[in-house]
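Below is one structure, written out as structure tokens; comments come after it.
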2 protein chains.
Amino acid sequence: MRVKKTIFTPVRSKRTFEDVYLQIRQLIMQGTLKPGDRLPPEAELGKQFNVGRQTIREALRILELSGFIVIQIGYGGGPIVKDNIVGKATEMLLDALKLAKISIEEVAAARLAMEKAVLNEAIERADEEDIKNLRENLLKAKELIAKKQSPIDAGFEFHILLAKASKNNAFVILVETINAINRGLRNRKPPDFRTVKAYAQAHEEIFEALIRKERDKAIRLLEKDILEIGKSN
Amino acid sequence: MRVKKTIFTPVRSKRTFEDVYLQIRQLIMQGTLKPGDRLPPEAELGKQFNVGRQTIREALRILELSGFIVIQIGYGGGPIVKDNIVGKATEMLLDALKLAKISIEEVAAARLAMEKAVLNEAIERADEEDIKNLRENLLKAKELIAKKQSPIDAGFEFHILLAKASKNNAFVILVETINAINRGLRNRKPPDFRTVKAYAQAHEEIFEALIRKERDKAIRLLEKDILEIGKSN
DNA sequence: TCACATTTGTCCGTATGTATC
DNA sequence: AGATACATACGGACAAATGTG
């Protein structure tokens with residue numbers, strides 16, 4: 001009797017461009033290729049890997065979409081190693097959530113769960129540097145409001161700074177991701193000026209509670225910030 | 001005086017394959033193309049879009065990496081629309097976390113935050129269907145253990161089932177994602193048999209606390225499940 | 001401003017491997 | 001086993017973009 005489902009994962013390095021992709025990817029992941037480094041042009045890569053230019057191009061497409069490289073055309077251009085690959089992952093997760101028809105409310109609940117934990121850690125671990133950065137962020141938002149400009153970017157940055165104050169880098173990336181998703185899901189209409197002013201106000205209050213280590217109050221304010229204010233728009 | 005940083009994002013749809021990618025992507029996102037649907041072969045697509053095969057191929061590479069399609073070779077093959085694109089996003093987020101040199105402990109803390117919220121919701125919202133699924137999951141794990149097989153997959157499924165019981169689909173996807181990341185970061189050595197048995201035991205206790213709606217006890221058990229058990233390996 | 005070199009973007013033709021009928 | 005249909009891969013060619021002299 002034959003087994004229907006093998007427990008082995010088939011070795012499928014059939015496709016040459018995947019092999020090329022994996023080799024370059026590993027060089028980046030292990031640090032041999034660092035951000036800013038330039039890879040040889042397509043033709044030269046083809047010679048070195050001993051494959052056609054088309055194969056190289058498909059490998060570069062994947063590396064580009066994955067966020068590992070950017071590609072400059074023209075004289076002196078070519079593939080350049082990039083550093084931040086979080087953005088691309090976020091875009092794909094956003095697609096996944098859109099396809100699954102997830103509502104903004106559901107994402108907000110998840111975001112709140114994450115940021116509650118962040119705030120809990122941040123209250124304990126925030127140092128002077130973090131406090132200074134948060135204070136500057138609030139100041140920047142105030143100045144923008146005074147100039148009748150939207151402090152929406154500063155508002156997102158506030159949450160990132162909180163995550164950094166938690167001293168947990170996983171929180172930083174996940175808060176970035178989930179905030180970008182939240183933003184992407186409601187991108188049809190940007191929040192009006194009154195709403196973003198309310199955000200800025202809420203952030204100030206959260207900050208005050210943070211430096212006074214008033215944990216419960218800070219959490220309560222965060223809930224208001226994430227769940228209530230956004231509802232109106 | 002010139003502004004140094006423009007507020008405009010450059011319109012760069014110069015590349016034809018990106019245009020092709022976006023068109024097909026939109027047809028999938030808006031539901032015109034459904035999972036299982038077959039796209040025309042490369043040559044035919046080239047004719048319809050009025051572009052060369054190479055251009056089509058690069059668009060297909062991106063769609064494939066994004067998880068929108070799979071490609072079958074041979075007679076009657078070609079691009080086929082896929083449904084689950086979460087897996088690909090997870091892989092990329094995993095890469096991002098690896099590149100940022102995030103530790104398992106940091107990810108575990110984030111995972112715990114998310115799953116605490118999940119458990120809180122699940123205790124309130126779980127219906128008979130959820131309870132039945134969880135019970136079957138625990139039974140399956142027990143059977144595997146009796147056969148001296150590792151119930152590790154069932155263990156991950158337990159957490160997914162909890163997320164489903166929360167009735168929040170964002171939680172489902174995010175728990176899937178963060179658990180896969182957790183798994184990916186410690187993939188060097190799979191947990192030993194004693195450890196997975198401890199997981200299964202912890203899951204049983206969490207389930208008991210869940211159906212009795214003993215919230216604090218359930219949360220405490222979850223903390224043990226996520227933070228302590230894994231530490232040994 | 002004007003060539004010129006370099007590099008990506010795109011197309012075409014062709015050959016090979018693979019899966020189905 | 002042979003024919004068919006498809007992806008994979010190679011090589012050559014030209015256009016477009018970009019920086020250099």
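In the text below, chain A, chain B and the rest are named by the order of the sequence lines, each starting its count at 1.
We find the CD-CD1 distance between E64(B) and I62(B) to be 11.5 Å, quoted to the nearest 0.5 Å. The CG atom of L45(A) lies 6.5 Å from the CG atom of L60(A); values are rounded to the nearest 0.5 Å.
Phosphate contact (OP1/OP2 of dC10(D), side-chain N/O of T55(A), threshold under 4.0 Å): present. At the phosphate of dT10(C), neither OP1 nor OP2 sits under 4.0 Å from any side-chain N or O atom of R15(B). The phosphate of dT8(D) (OP1 or OP2) has a side-chain N or O of R61(B) nearer than 4.0 angstrom. T16(B) has no side-chain polar atom (N or O) that falls below the 4.0 Å cut-off from OP1 or OP2 of dG9(C).
Counting only residues at least two apart or on different chains, no ring pair (Phe, Tyr, Trp, His ring centres under 6.0 Å) pair has a member in residues 41-88 of chain A.
Note on K34(B) versus D83(B): no salt bridge recorded, every NZ/NE/NH1/NH2 to OD/OE distance being 4.0 Å or above. With respect to E42(B) and R53(B), no salt bridge is recorded, no charged nitrogen being found less than 4.0 Å from a carboxylate O.
When the P atom of dT10(C) is taken as reference, atom CD of E58(B) falls 7 Å away, rounded to whole Å. Regarding F49(B), its CZ atom lies at a distance of 14 Å from the P atom of dT10(C), rounded to whole Å. When rounded to the nearest whole Å, the span between CZ of R57(A) and P of dC10(D) equals 14 Å. Atom C1' of nucleotide dT8(C) and atom CD of E44(A) are separated by 15 Å, given to the nearest angstrom. Nucleotide dA7(D) holds its P atom 8 Å from the CG atom of L60(B), rounded to whole Å. Following rounding to the nearest Å, L63(B) (CG) and dA7(D) (P) show an atom-to-atom distance of 13 Å. The distance between atom CD1 of I56(A) and atom C1' of dG11(D), rounded to the nearest whole Å, is 14 Å. Computed from coordinates, the L45(B) CG to dA7(D) P distance equals 8 Å when rounded to whole Å.
Within residues 34-42 of chain A, the residues having any heavy atom closer than 4.0 Å to DNA chain C are, in order of number, P41(A), E42(A).
Along DNA chain D, the nucleotide nearest G77(B) and the nucleotide nearest F17(A) are compared for position; the residue whose nucleotide lies closer to the 5' end is G77(B).
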Side-chain atoms of residues 163-180 of chain B: list all donor-acceptor pairs with protein atoms under 3.5 Å, sequence neighbours left out, distances to 0.1 Å.
{"residue": "S166(B)", "atom": "OG", "partner": "A163(B)", "partner atom": "O", "Å": "2.5"}
{"residue": "S166(B)", "atom": "OG", "partner": "N168(B)", "partner atom": "N", "Å": "3.3"}
{"residue": "K167(B)", "atom": "NZ", "partner": "D127(B)", "partner atom": "OD2", "Å": "3.0"}
{"residue": "K167(B)", "atom": "NZ", "partner": "D130(B)", "partner atom": "OD2", "Å": "2.5"}
{"residue": "N168(B)", "atom": "OD1", "partner": "A170(B)", "partner atom": "N", "Å": "2.8"}
{"residue": "N168(B)", "atom": "OD1", "partner": "F171(B)", "partner atom": "N", "Å": "3.3"}
{"residue": "N168(B)", "atom": "ND2", "partner": "E106(A)", "partner atom": "O", "Å": "3.0"}
{"residue": "T177(B)", "atom": "OG1", "partner": "I173(B)", "partner atom": "O", "Å": "2.8"}
{"residue": "N179(B)", "atom": "OD1", "partner": "R111(B)", "partner atom": "NE", "Å": "2.6"}

Could you tabulate the donor-acceptor pairs under 3.5 Å formed by side-chain atoms of residues 138-152 of chain A, not counting sequence neighbours?
{"residue": "K140(A)", "atom": "NZ", "partner": "E157(A)", "partner atom": "OE1", "Å": "3.0"}
{"residue": "S150(A)", "atom": "OG", "partner": "I152(A)", "partner atom": "N", "Å": "3.3"}

Summarise how protein sits on nucleotides 12-21 of chain C as a single string, 5' to 3': B when a protein heavy atom is under 4.0 Å from the base, S for sugar-phosphate-only contact, - for no contact. SBB---BBBS
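Checked against ring pair (Phe, Tyr, Trp, His ring centres under 6.0 Å), H203(A) has the following partners two or more places apart in sequence or in another chain: F158(A), H159(A).
Using a 3.5 Å distance cut-off with no hydrogens or angles, the side chains of D192(B) and T195(B) do pair a donor with an acceptor.
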